Amino acid sequence: MIARLSPRPLKRIQHGIFGQRRHIAKCPDLPRLDGKWAVITGANDGIGKQSARGLLQRGASIFMMCRNVEKAEQARRHFIDEGFDSAKITLIECDLADLDSVMAAAQAVKHHLQGRKIDILVENAAIRARRYGETEQGHEIHFGTNVLGHFALRRILMAEALAPHARIIVLTDDVYVKARGCSSNYHWRSQMGASRAYSRSKLGNFWIARELQKRHPHYNVFIVHPGTIATDLRRGIPISGWLSKFFCISPFEGAQTTLMCAGQQDLSHGSYYHNVHGECELDNADPATNDEAAARLWARCHEMTANLGASVAIKLAS
Ligand SMILES: NC(=O)c1ccc[n+]([C@@H]2O[C@H](COP(=O)([O-])OP(=O)(O)OC[C@H]3O[C@@H](n4cnc5c(N)ncnc54)[C@H](OP(=O)(O)O)[C@@H]3O)[C@@H](O)[C@H]2O)c1
């Protein structure tokens with residue numbers, strides 16, 4: 001059954017938070033993902049780490065694309081201590097807030113793949129900053145990391161034909177419904193501003209994912225709301241400790257929607273999968289359905305990443 005989501009922010013967010021304790025479903029261990037290659041950003045912590053573990057459990061080999069390499073090495077060691085095959089875990093340094101680092105990381109993936117292809121790409125990493133900041137290339141930090149960094153990574157992987165038939169899982173957050181725009185030059189000062197900037201970036205993730213599916217219908221794009229989860233992302237949000245204690249689910253539970261989209265066969269591509277409601281249909285008033293804005297954002301991201309390939313002379317796909 002496809003759920004119809006309310007475009008009203010309060011109603012949407014309340015239903016998500018209060019419904020999730022009753023609706024936790026553990027994604028089955030099947031189908032197995034033996035022989036599959038998965039790339040996952042932000043795999044050293046939170047939902048990303050649990051998603052990485054779930055992919056390994058099902059037999060996949062993973063590329064952990066991480067900014068904090070020390071923390072990523074610890075996560076890798078945890079996985080090996082749990083009995084996972086070290087040969088199936090490749091750690092690659094990737095700071096999504098620096099397009100040069102993204103470029104180098106994508107080239108490292110290519111090198112390690114040795115002609116094989118990526119089957120699953122999980123665009124999981126995200127920042128929710130406490131203070132205003134910009135990326136190396138001068139973009140507002142939420143936009144630059146959550147939206148543009150992933151856009152660049154995927155663009156290079158596509159240009160190199162490394163993921164021709166991949167399932168692409170893009171993590172958003174129901175709070176996107178509060179936003180109306182997403183841009184590189186959004187200035188903010190307060191905690192409220194930080195929250196708006198994060199929501200705008202999550203709308204941007206949604207728009208780019210829909211536009212990606214439209215432009216490349218042969219891909220399997222899934223847009224995921226993982227739940228309201230007790231992770232570091234919530235640190236610094238007013239009442240977050242209280243919220244975590246009573247309403248948040250664990251990172252393990254938060255990884256289940258991603259894992260379902262990574263493996264299950266009978267899913268609809270281009271759809272929004274929500275941890276409480278499952279597959280969702282959006283109201284026309286929902287900001288995610290603004291296809292013109294989505295196409296404009298795609299064009300902007302395309303321009304901003306146009307010179308990425310210059311240093312390694314690769315031809316970037318549109
Ligand atoms: N937690 C929730 O309630 C919730 C709700 C809805 C949606 N989500 C979405 O779920 C996803 C995972 O969030 P989470 O809750 O697991 O957050 P988290 O615990 O804070 O983990 C975020 C991950 O992103 C990585 N990251 C941040 N900036 C990066 C950068 N510049 N380059 C590369 N990696 C970077 C972090 O790595 P470092 O160790 O280097 O910082 C970390 O691995 C996000 O897309 C988030 O929007 C979360």
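Just so you know, ligand 1 is whichever comes first in the structure, and atom 1 is the first atom listed for that ligand. Because only heavy atoms are used, hydrogens play no part in the values below, and waters and symmetry mates are left out as well, while side chains stay in. Here the structure is a predicted model, which is why all the values come from computation and not from measurement.
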Flag, side chain of Arg128 to backbone of Ala197, donor-acceptor distance under 3.5 Å
no
Nitrogen or oxygen of Pro226 less than 3.5 angstrom from that of ligand 1
no
Taking both backbone and side-chain atoms of Thr228, is any N or O found less than 3.5 Å from an N or O belonging to ligand 1?
no
Measure from the side-chain N and O atoms of Arg167 to the backbone N and O of Ile120, and report whether any donor-acceptor pair falls under 3.5 Å.
no
for atom 2 (C) of ligand 1, nearest protein heavy atom and its distance come out as Arg234 NH1, 3.4 Å
Which is it for Phe247 and Phe18 under the ring-ring contact (aromatic ring centres under 6.0 Å, His included) test, yes or no, and what are the steps along the way?
CA-CA 7 Å; Phe247 299 110; Phe18 297 120; 5.0 Å; yes
for atom 33 (C) of ligand 1, nearest protein heavy atom and its distance come out as Cys94 O, 3.3 Å
Per atom 27 (C) of ligand 1, closest listed option by heavy atom (Gly46, Ala126, Ala125)
Ala126
Atom pair NE2 (His277) and NE2 (His15), whose distance is rounded to the nearest 0.5 Å
7.0 Å
Given 3.5 Å as the limit, does a donor-acceptor pair link the side chain of Lys117 with the main chain of Ala161, or not?
yes
Taking 4.0 angstrom as the limit and counting only heavy atoms of Lys71, give me the atoms of ligand 1 inside it, by number and element.
38 (P), 39 (O)
Tell me: protein heavy atom nearest atom 6 (C) of ligand 1, and distance?
Asp173 OD2, 3.0 Å
Could you say whether the N/O atoms of Ile229 and ligand 1 ever approach to under 3.5 Å?
yes
Do any N/O atoms on Leu233 end up under 3.5 angstrom from N/O atoms on ligand 1?
yes
Atom 37 (O) of ligand 1: nearest protein contact (heavy atom, Å):
Asn44 OD1, 3.6 Å
Asp95, any N or O under 3.5 Å of ligand 1 N or O:
yes
Which of these, Val224, Leu171, Leu259, sits in a side-chain contact (heavy atoms from CB on, under 4.5 Å) with Val122?
Leu171
Just say parallel, tilted or perpendicular for the rings of Trp37 and Phe63, cut-offs at 30° and 60°.
tilted
Check whether any side-chain N or O of His269 sits under 3.5 Å from a backbone N or O of Tyr219 as a donor-acceptor pair, and report yes or no.
yes
Short list, please: which atoms of ligand 1 are under 4.0 Å from a heavy atom of Asp232?
19 (O), 20 (O)
Using only atom types and a distance under 3.5 Å, with no angle test, would you say the side chain of Tyr273 pairs donor to acceptor with the backbone of Ser268?
yes
Considering non-hydrogen atoms of the protein only, which is the closest contact for atom 4 (C) of ligand 1, and what is the distance?
Gly227 O, 3.7 Å
So which bit of Thr145 gets within less than 4.0 Å of ligand 1, heavy atoms only: side chain, backbone, both or neither?
side chain
Tell me whether Gly42 has any N or O atom under 3.5 angstrom from an N or O of ligand 1.
yes
Taking a cutoff of less than 4.0 Å between a non-hydrogen atom of the residue and any ligand atom, is Gly149 in contact with ligand 1?
no
Out of Arg67, Glu136, Met64, who gets a non-hydrogen atom closest to atom 29 (C) of ligand 1?
Arg67
What's the shortest distance from atom 47 (O) of ligand 1 to any protein heavy atom, and which residue and atom give it?
Tyr198 OH, 2.6 Å
Please tell me whether Phe222 and Tyr272 form a close aromatic pair, meaning their ring centres lie under 6.0 Å apart.
no
Indicate yes or no for a side-chain donor-acceptor contact from Gln213 to the backbone of Gly270 under 3.5 Å, with no hydrogens or angles considered.
yes
Identify, with sequence neighbours excluded, every residue that meets salt bridge (charged side-chain N to carboxylate O under 4.0 Å, His left out) alongside Glu292.
none
Would you check if the side chain of Glu160 reaches a backbone N or O of Leu162 as a donor-acceptor pair within less than 3.5 Å?
no
For residues 265-284, which residue pairs qualify under salt bridge (charged side-chain N to carboxylate O under 4.0 Å, His left out), counting only residues two or more places apart or in two chains?
Arg4-Glu281, Arg4-Asp283
Nearest protein heavy atom with distance in Å, relative to atom 32 (N) of ligand 1
Leu96 N, 2.9 Å
Show me which atoms of ligand 1 lie under 4.0 Å from any heavy atom of Leu171.
10 (O), 11 (C), 45 (O)
Among Thr172, Asn146, Val175, Asn205, which residue places a heavy atom closest to atom 9 (C) of ligand 1?
Thr172
Out of Ile47, Val122, Thr135, the nearest non-hydrogen contact to atom 13 (O) of ligand 1 is supplied by Ile47
Ligand 1-proximal atoms of Lys202, by part, heavy-atom distance under 4.0 Å:
side chain
Identify, for atom 14 (P) of ligand 1, the protein heavy atom at the shortest distance, and state residue, atom and that distance.
Thr231 OG1, 3.5 Å
What are the atoms of ligand 1, with element, lying closer than 4.0 Å to any heavy atom of Ala97?
31 (N)
Any salt bridge linking Arg67 with Glu93? Criterion: basic side-chain nitrogen under 4.0 Å from a carboxylate oxygen.
no
Should the proximity of Asn124 to ligand 1, defined as any heavy atom under 4.0 Å, be assigned to the side chain, the backbone, both, or neither?
both
